[in-house]
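Side chains included, hydrogens not; waters and symmetry mates left out as well; all remaining heavy atoms used. Everything numeric in this text was worked out from a predicted model, so none of it was measured. Heads up: numbering here begins at 1 and tracks the sequence.
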Amino acid sequence: WTANLALGYDPGAWNAGVEVSAVSPRDDADINTFQAVALARYTVVRGLVAWRLTPAVTLRARVENVFDERYELVHGYNVQPRTVIVGIDCRH
């Protein structure tokens, strides 16, 4: 099973949110031997914030994997560690 939860707060020029994904243990196959393996459960948290400077310009920041969880979507392939992404949206 997979459970996702997203909460957001948007009081005006600022908005913020948090997203949580929880995944149960599941079966997979070893990438070299094709033997059955069990992947562990995991929970990943993302944080988001944005600031609307003008109606046309918004600054955004997102933190992926806030707690630096180590997990695998597929056996043998780790995912990214905690990552911060910053950007600017410009609309005409």
side-chain contact (heavy atoms from CB on, under 4.5 Å) evaluation trace for Tyr9 with Val18: CA-CA 9 Å; Tyr9 179 67; Val18 64; over 6 Å; no
Heavy-atom pair with the smallest gap, counting every atom of Ser24 and Trp1: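 Looking at all heavy atoms of both residues, the shortest contact is OG-N, 2.8 Å.
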Taking atom [atom1] of [X] and atom [atom2] of [Y], what is their separation to the nearest 0.5 Å?
{"X": "Asn15", "Y": "Arg60", "atom1": "CG", "atom2": "CZ", "result": "6.5 Å"}
{"X": "Arg26", "Y": "His75", "atom1": "CZ", "atom2": "NE2", "result": "12.0 Å"}
{"X": "Asp27", "Y": "Leu39", "atom1": "CG", "atom2": "CG", "result": "8.0 Å"}
{"X": "Glu19", "Y": "Leu48", "atom1": "CD", "atom2": "CG", "result": "5.0 Å"}
{"X": "Arg82", "Y": "Arg46", "atom1": "CZ", "atom2": "CZ", "result": "14.5 Å"}

Are [X] and [Y] joined in one hydrophobic group, where the rule is that I, L, V, M, F, W and Y side chains link up if heavy atoms are under 4.5 Å apart?
{"X": "Val66", "Y": "Val44", "result": "no"}
{"X": "Tyr71", "Y": "Phe67", "result": "no"}
{"X": "Ile88", "Y": "Val84", "result": "no"}
{"X": "Leu59", "Y": "Trp14", "result": "yes"}

Qualifying residue, where the test is side-chain contact (heavy atoms from CB on, under 4.5 Å) with Asp89 and the options are Leu53, Thr58, Val57: Thr58
Member of Leu73, Val79, Val74 meeting the side-chain contact (heavy atoms from CB on, under 4.5 Å) criterion with Tyr77: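 Option passing the side-chain contact (heavy atoms from CB on, under 4.5 Å) with Tyr77: Val74.
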Donor-acceptor contact below 3.5 Å, side chain Arg52 vs main chain Gly12: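 Confirmed, Arg52 side chain pairs with Gly12 backbone.
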Chi angles and distances behind the side-chain contact (heavy atoms from CB on, under 4.5 Å) call for Thr43, Glu69: CA-CA 7 Å; Thr43 301; Glu69 180 82 10; 5.7 Å; no
Check against side-chain contact (heavy atoms from CB on, under 4.5 Å), Asn65 and Thr83: CA-CA 7 Å; Asn65 197 1; Thr83 304; over 6 Å; no
